[in-house]
Amino acid sequence: MENKTTRAVTRGINHVGLTVPDLQQATEFLQAALDAKFVYDGLTCDDDPLKGADAERQLGLTSGSMMIKQRLLRIGNGPNVELFEFISKDQVKPVRVQDYGWNHISLYVDDINYAIERVKAAGGKFLSEVHENSRHEDTENNAGVYFYTPWGSLVELQSIPNGYYYPDDSEAKIWVPES
């Protein structure tokens, strides 16, 4: 009998990258609105910008673009958020939910009304009132709502205090941050 070792392809999401127009302003918003915690700066104004042919090739940047700041934050018990500030002649606004590509992050909250107050006070703009979540998330007292950050990125607040339910062919259960 052959001895097979099972290796996971991934252990989970390490971080989500987010390009912002002003790294310090974005940091202050995320700290005030969502209790983000500073982890480290990977690139500051005191460092040389990340630019040139190697950076363009490695990061898929357009010619002449340069990263001038990079910071890692932690929001609660989940993936880290990596903030970037670039100088580029080719920047565009963030994608919307209907656009191709990664379009939002969702943050699990225990008290959605408190989270909404914090986000509003910090300058976030909500798209609607709190609404129920979709199938498999629509247990009692569930709630969700989307908001835009001051720079236009889409974030969802979600609370599902009575858990999820799963179809028979489900291969895994949803990861929920520990409290």
Side-chain angles (χ1 to χ4, degrees), residues 5 7-110 114-127 144-158 174-179:
T5 303
R7 292 190 329 202
V9 175
T10 61
R11 289 180 54 195
I13 295 173
N14 176 271
H15 67 269
V16 175
L18 179 62
T19 298
V20 297
D22 182 311
L23 186 128
Q24 188 58 37
Q25 179 187 51
T27 298
E28 290 170 6
F29 171 79
L30 293 169
Q31 288 173 327
L34 303 169
D35 284 334
K37 304 292 184 218
F38 172 81
V39 178
Y40 60 72
D41 281 330
L43 185 65
T44 70
C45 289
D46 296 330
D47 299 314
D48 290 332
L50 185 59
K51 64 181 181 176
D54 282 344
E56 291 166 6
R57 181 180 51 80
Q58 292 169 359
L59 301 175
L61 303 176
T62 56
S63 180
S65 296
M66 66 177 101
M67 183 191 309
I68 59 170
K69 297 177 191 168
Q70 180 264 342
R71 175 173 290 157
L72 204 71
L73 300 176
R74 178 78 186 260
I75 300 176
N77 182 20
N80 302 294
V81 176
E82 186 176 27
L83 300 179
F84 300 101
E85 185 176 331
F86 280 88
I87 295 175
S88 175
K89 62 183 178 346
D90 298 319
Q91 287 179 311
V92 296
K93 295 190 182 285
V95 299
R96 298 158 297 176
V97 171
Q98 77 262 14
D99 297 325
Y100 294 123
W102 304 103
N103 56 56
H104 77 282
I105 61 170
S106 178
L107 302 172
Y108 191 95
V109 297
D110 291 320
Y114 175 67
I116 289 168
E117 289 175 23
R118 293 281 303 265
V119 170
K120 281 183 180 177
K125 304 290 185 213
F126 284 87
L127 276 62
V145 67
Y146 289 86
F147 70 90
Y148 284 116
T149 63
W151 57 91
S153 291
L154 189 60
V155 178
E156 179 184 19
L157 299 177
Q158 194 172 45
I174 298 277
W175 176 80
V176 178
E178 296 178 19
S179 51

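Keep in mind the model is a prediction, meaning the values are calculated, not measured.
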Enquirer: Could you walk me through whether I68 and K51 pass side chain to side chain contact (heavy atoms under 4.5 Å, CB included), step by step?
Expert: CA-CA 9 Å; I68 59 170; K51 64 181 181 176; over 6 Å; no
Enquirer: Is it true that a side-chain atom of N80 and a backbone atom of N14 form a donor plus acceptor pair closer than 3.5 Å?
Expert: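 A pair under 3.5 Å: yes.
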Enquirer: I need the full list of side-chain hydrogen bond (donor to acceptor under 3.5 Å, both in side chains) pairs touching residues 32-44, with sequence neighbours left out, sorted by first then second residue.
Expert: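 Sorted result for residues 32-44: D35-R118, D41-R71, T44-D47.
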Enquirer: Going by heavy atoms in the side chains, are F86 and M66 under 4.5 Å from each other?
Expert: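 No; the side chains remain at least 4.5 Å from each other.
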Enquirer: Which atom names give the shortest non-hydrogen contact between F147 and L34, and what distance separates them?
Expert: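 It is CZ-CD1, 4.4 Å.
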Enquirer: So F126 and V119, do their side chains get closer than 4.5 Å, heavy atoms only?
Expert: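 Side-chain contact under 4.5 Å: yes.
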Enquirer: Between CG of L30 and OG1 of T149, what distance do you get to the nearest 0.5 Å?
Expert: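 Spacing of CG (L30) from OG1 (T149) equals 7.5 Å.
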Enquirer: Roughly how far, to the nearest 0.5 Å, is CG of L23 from SG of C45?
Expert: 8.5 Å
Enquirer: For E82, which residues count as a salt bridge (charged side-chain N to carboxylate O under 4.0 Å, His left out) partner, sequence neighbours excluded?
Expert: none
Enquirer: What's the spacing between L83 CG and E85 CD if we round to 0.5 Å?
Expert: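 Interatomic distance, L83 CG to E85 CD, rounded to 0.5 Å: 10.0 Å.
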Enquirer: Looking at every non-hydrogen atom in both residues, tell me the closest pair between A122 and A32 and how far apart they are.
Expert: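 Shortest heavy-atom contact: CB-CB, 3.9 Å.
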Enquirer: Do any N or O atoms from the side chain of Q158 and from the backbone of L107 form a donor-acceptor pair under 3.5 angstrom?
Expert: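 Not at all, since once roles are kept as given, no pair shorter than 3.5 Å links the two residues.
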Enquirer: Would a 4.5 Å heavy-atom cut-off, applied to side chains only, mark Y148 and L127 as touching?
Expert: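 The answer is yes, as the side chains (C-beta and beyond) meet within the 4.5 Å cut-off.
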Enquirer: Look up atom CD in E156 and atom CD1 in I105, then write down how far apart they are to the nearest 0.5 Å.
Expert: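 Spacing of CD (E156) from CD1 (I105) equals 10.0 Å.
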Enquirer: Once rounded to the nearest 0.5 Å, what's the spacing between atom CD of Q70 and atom CG of L50?
Expert: 9.5 Å
Enquirer: Considering only heavy atoms from C-beta outward, does the side chain of T27 approach that of L73 to under 4.5 Å?
Expert: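 In contact.
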Enquirer: Side-chain atoms of residues 52-64: list all donor-acceptor pairs with protein atoms under 3.5 Å, sequence neighbours left out, distances to 0.1 Å.
Expert:
unit_1	atom_1	unit_2	atom_2	d
E56	OE2	G64	N	2.9
T62	OG1	S65	OG	2.9
T62	OG1	D90	OD2	2.8

Enquirer: If a pair satisfies ring-ring contact (aromatic ring centres under 6.0 Å, His included) and one of its residues is in residues 13-35, list it, with sequence neighbours excluded.
Expert: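 Sorted result for residues 13-35: F29-W151.
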Enquirer: Contact between K69 and L43 at the side-chain level, heavy atoms closer than 4.5 Å - yes or no?
Expert: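 K69 does not reach L43 side chain to side chain.
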Enquirer: How about NZ on K93, more than 12 heavy atoms from neighbouring residues, nucleotides or ligands closer than 6.0 Å, or not?
Expert: no
Enquirer: Looking at side-chain heavy atoms only, is the closest gap between L18 and F84 below 4.5 Å?
Expert: no
Enquirer: I'd like to check the ring-ring contact (aromatic ring centres under 6.0 Å, His included) partners of Y146; sequence neighbours left out, ordered by chain and number.
Expert: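 In terms of ring-ring contact (aromatic ring centres under 6.0 Å, His included), with neighbours along the sequence ignored, Y146 is linked to H104.
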Enquirer: Of all residues at least two apart in sequence or in a different chain, which pass the salt bridge (charged side-chain N to carboxylate O under 4.0 Å, His left out) check with D48?
Expert: none
Enquirer: Do I75 and V16 have side chains that get closer than 4.5 Å, going by heavy atoms?
Expert: no
Enquirer: Calculate, to the nearest 0.5 Å, the distance between atoms OG and CH2 belonging to S153 and W102 respectively.
Expert: 15.0 Å
